[in-house]
Amino acid sequence: MGEPATVGSSWLPGPPPPVYACTLSPELVAKAREELQEKPEWRLRDAQALRDMIIKEQPDLQTRLDDAFLLRFLRARKFDYDRALRLLLNYHAGRTAWPEVFRGLRPSAVKHVLDAGFLTVLPRPDPDGRYILCLRPGRWKAEHYPFVDNVRAVYLTLEKLVQAEATQVNGVVVLADYSGVGVSQASDPGPFLAKKVVAVLQDGFPVRIKAVHVVNEPRIFKGIFALIKPFLKEKMAQRYTLHSSDLRSLHRQIPPSVLPEEYGGVATADARSWSDLLMDSEDDLAAEFCRPPEEEEAPEEDRRQFRGPRSQLYSCY
């Protein structure tokens, strides 16, 4: 379960096929059953139940309705229909409320963030099968581009990761390296922006963030965290671990076998590999975020087409 998936030349699974087919290994099926209350024999019926709720309660919501998409939200909320629907509504509300993040969102629009080294995804998951999103806030310079571009890059990265059903079940881990973070970087995302970031990623995105490991944090990090913590749910706040420069502490949580040398590991972390993978997903991700404005006002028939196929449920029997 800890081995990276391989699809073509990529170490990350691609987007799901148009007709849903479960890609989980037997081990992950068992894990989903135990941790997420996902029953394989009810999976498509659960997706249909959520779809029916959306159609009945939110008939004007512009959203995908295919099984693969809806399962992201069901898994993120342990197949609680009401909570999954609330998450879906928050997911779309975030796009409306924060247009500077979501307007024209596509990988090529954040290439400068990736080139700066602000983020990457380590190529090997941890022993629990969780991919590690590595953030380096010290690489961001306010005079080069606005902070909101970092949010755009993180969001697209999570969108790519969560396409894989294994990620939906295993979740992700965040490794935040605060080397080089100064007062200017710490003060730019004020409390209002911090609240919006947390709202979008904590309450409006179908991903399970299982742990956040912070290394090389400066003294001013307490001030940074003080901005964020009031908006974190208690369960999420407890998943933060501050390691300072103690790599042995980090290695007790993430083994050196999946970490790059700069964190005392033996793996390679080529930031360009993740950038290339996102760029290769340009058309796929742009289709999610770059619908022309006129589609928002499209006739009902066209909107129904955008909402996508109903289900593979009845064709399975």
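FYI, side chains are in, hydrogens and waters are out, and symmetry mates aren't considered; it's all heavy atoms of this structure. None of the values given here were measured: they were computed from a predicted structure.
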Visitor: Is it true that the side chains of R51 and Q48 contain a donor and an acceptor less than 3.5 Å apart?
Guide: yes

Visitor: Looking at every non-hydrogen atom in both residues, tell me the closest pair between A76 and L87 and how far apart they are.
Guide: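 Closest heavy-atom pair between A76 and L87: CB-CD2, 3.7 Å.
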
Visitor: Between N90 and R86, is any pair of side-chain heavy atoms under 4.5 Å apart?
Guide: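 In contact.
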
Visitor: Do V148 and W98 touch side chain to side chain, with heavy atoms closer than 4.5 Å?
Guide: yes

Visitor: Taking side chain as C-beta onward, heavy atoms only, is V200 less than 4.5 Å from Y155?
Guide: yes

Visitor: Is a side-chain N or O of Q58 found less than 3.5 angstrom from the main chain of M53, in a donor-acceptor match?
Guide: no

Visitor: Identify the two heavy atoms, one from L277 and one from K160, that lie closest to each other, and give their separation to 0.1 Å.
Guide: CD2-CE, 3.4 Å

Visitor: Show the nearest heavy-atom pair for residues L278 and L156, with the distance to one decimal.
Guide: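 So the minimum-distance heavy-atom pair works out to CD2-O, 4.2 Å.
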
Visitor: Can you list the steps and then say if L133 with V172 is a side-chain contact (heavy atoms from CB on, under 4.5 Å)?
Guide: CA-CA 7 Å; L133 170 58; V172 300; 5.7 Å; no

Visitor: State whether a side-chain donor-acceptor pair under 3.5 Å links D177 with S179.
Guide: yes

Visitor: Verify the distance criterion only: is there a donor paired with an acceptor across the side chains of D284 and Q163 at less than 3.5 Å?
Guide: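 Note: D284 and Q163 side chains meet the donor-acceptor criterion.
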
Visitor: Could you give the distance from OG1 (T120) to CG (L135), rounded to the nearest 0.5 Å?
Guide: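 The OG1 atom of T120 sits 10.0 Å away from the CG atom of L135.
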
Visitor: Which heavy atom of F79 sits nearest a heavy atom of L36, and at what distance?
Guide: CD1-O, 3.4 Å

Visitor: Quick one, V212 and T241 - any side-chain contact, counting heavy atoms below 4.5 Å?
Guide: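 No, side chains not in contact.
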
Visitor: In Å, rounded to the nearest 0.5 Å, how long is the span from NZ of K111 to CG of D149?
Guide: 14.0 Å

Visitor: Find out whether K229 and Y240 are in side-chain contact, i.e. whether some heavy atom of one side chain is under 4.5 Å from a heavy atom of the other.
Guide: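 Result no, sub-4.5 Å side-chain heavy-atom pair not found.
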
Visitor: Could you check whether the rings of F205 and Y91 sit parallel, tilted or perpendicular, using 30° and 60° as the cut-offs?
Guide: tilted

Visitor: Using distance alone, with no hydrogens and no angle criterion, decide if R77 and Y81 have a side-chain donor and acceptor under 3.5 Å apart.
Guide: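 There is no such pair (donor and acceptor under 3.5 Å, judged by atom type) between the side chains of R77 and Y81.
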
Visitor: Take a 6.0 Å sphere around NZ of K233 and say whether it holds more than 12 heavy atoms from other residues, nucleotides or ligands.
Guide: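 Yes, because the 6.0 Å sphere around NZ of K233 holds more than 12 heavy atoms from other groups.
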
Visitor: Shortest non-hydrogen contact from R72 to E159?
Guide: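 Minimum heavy-atom separation between R72 and E159: NH1-OE1, 3.6 Å.
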
Visitor: Do the side chains of D66 and L70 get nearer than 4.5 Å, heavy atoms only?
Guide: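 L70 vs D66: side chains apart.
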
Visitor: Answer yes when R208 and E35 have at least one side-chain N-carboxylate O distance shorter than 4.0 Å, and no when they do not.
Guide: yes

Visitor: Strictly distance-based, threshold 3.5 Å: is any side-chain N or O of E282 a donor or acceptor partner for the main-chain N or O of R106?
Guide: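 Answer holds: no.
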
Visitor: Quick check: closest heavy atoms across R33 and P40, and the distance to 0.1 Å?
Guide: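 So the minimum-distance heavy-atom pair works out to NH2-CD, 3.1 Å.
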
Visitor: Okay, side chain of D80, backbone of D82: is any donor-acceptor separation there less than 3.5 Å?
Guide: yes

Visitor: So how far is it from I54 CD1 to L85 CG, rounded to the nearest 0.5 Å?
Guide: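 Reported value, rounded in 0.5 Å steps: 6.0 Å.
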
Visitor: Could you walk me through whether I209 and M236 satisfy the side-chain contact (heavy atoms from CB on, under 4.5 Å) test, starting with their C-alpha distance in whole Å, then the side-chain angles of each, then the deciding distance to 0.1 Å, before giving a yes or no?
Guide: CA-CA 8 Å; I209 299 178; M236 190 67 239; 3.7 Å; yes

Visitor: Going through the checks in order, is the side-chain contact (heavy atoms from CB on, under 4.5 Å) test met by Y145 and F118?
Guide: CA-CA 12 Å; Y145 62 85; F118 178 83; 4.0 Å; yes

Visitor: What's the spacing between S257 OG and H251 NE2 if we round to 0.5 Å?
Guide: 9.5 Å

Visitor: We want to know whether K210 and N170 form a side-chain donor-acceptor pair, criterion being a heavy-atom distance below 3.5 angstrom.
Guide: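 No, no side-chain donor-acceptor contact under 3.5 Å.
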
Visitor: Would you check if S273 and P123 make a side-chain contact, meaning some heavy-atom pair closer than 4.5 Å?
Guide: no

Visitor: Have a look at E38 and tell me which of Q168, R75, K31 forms a side chain to side chain donor-acceptor pair (under 3.5 Å) with it.
Guide: R75

Visitor: Using the rule that Ile, Leu, Val, Met, Phe, Trp and Tyr join whenever any side-chain heavy atoms are under 4.5 Å apart, tell me whether V266 and L122 fall into a single cluster.
Guide: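 Different clusters.
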
Visitor: Look at the side chain of R152 and the backbone N and O of E100, then say whether any donor-acceptor pair between them is shorter than 3.5 Å.
Guide: yes

Visitor: What verdict does the side-chain contact (heavy atoms from CB on, under 4.5 Å) test give for L114 and M279, after you've listed the backbone C-alpha separation in whole Å, the side-chain angles of each residue and the deciding distance to 0.1 Å?
Guide: CA-CA 10 Å; L114 303 172; M279 295 306 125; 3.7 Å; yes

Visitor: Give, for atom CH2 of W140 and atom CG of N150, the distance between the pair rounded to the nearest 0.5 Å.
Guide: 6.5 Å

Visitor: Can you get from L74 to W42 by hopping between Ile, Leu, Val, Met, Phe, Trp and Tyr side chains that sit under 4.5 Å apart?
Guide: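 Different clusters: L74 never reaches W42 through Ile, Leu, Val, Met, Phe, Trp or Tyr contacts under 4.5 Å.
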
Visitor: Once rounded to the nearest 0.5 Å, what's the spacing between atom CG of N216 and atom CG of L242?
Guide: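 If I round to the nearest 0.5 Å, the distance is 12.0 Å.
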
Visitor: In the structure I gave you, are the side-chain heavy atoms of L175 and L259 within less than 4.5 Å of one another anywhere?
Guide: yes

Visitor: Tell me if a side-chain donor or acceptor on H243 pairs with a main-chain N or O of E217 at a distance below 3.5 Å.
Guide: no

Visitor: Would you find a donor on one side and an acceptor on the other, under 3.5 Å apart, between the side chain of R124 and the backbone of V258?
Guide: no

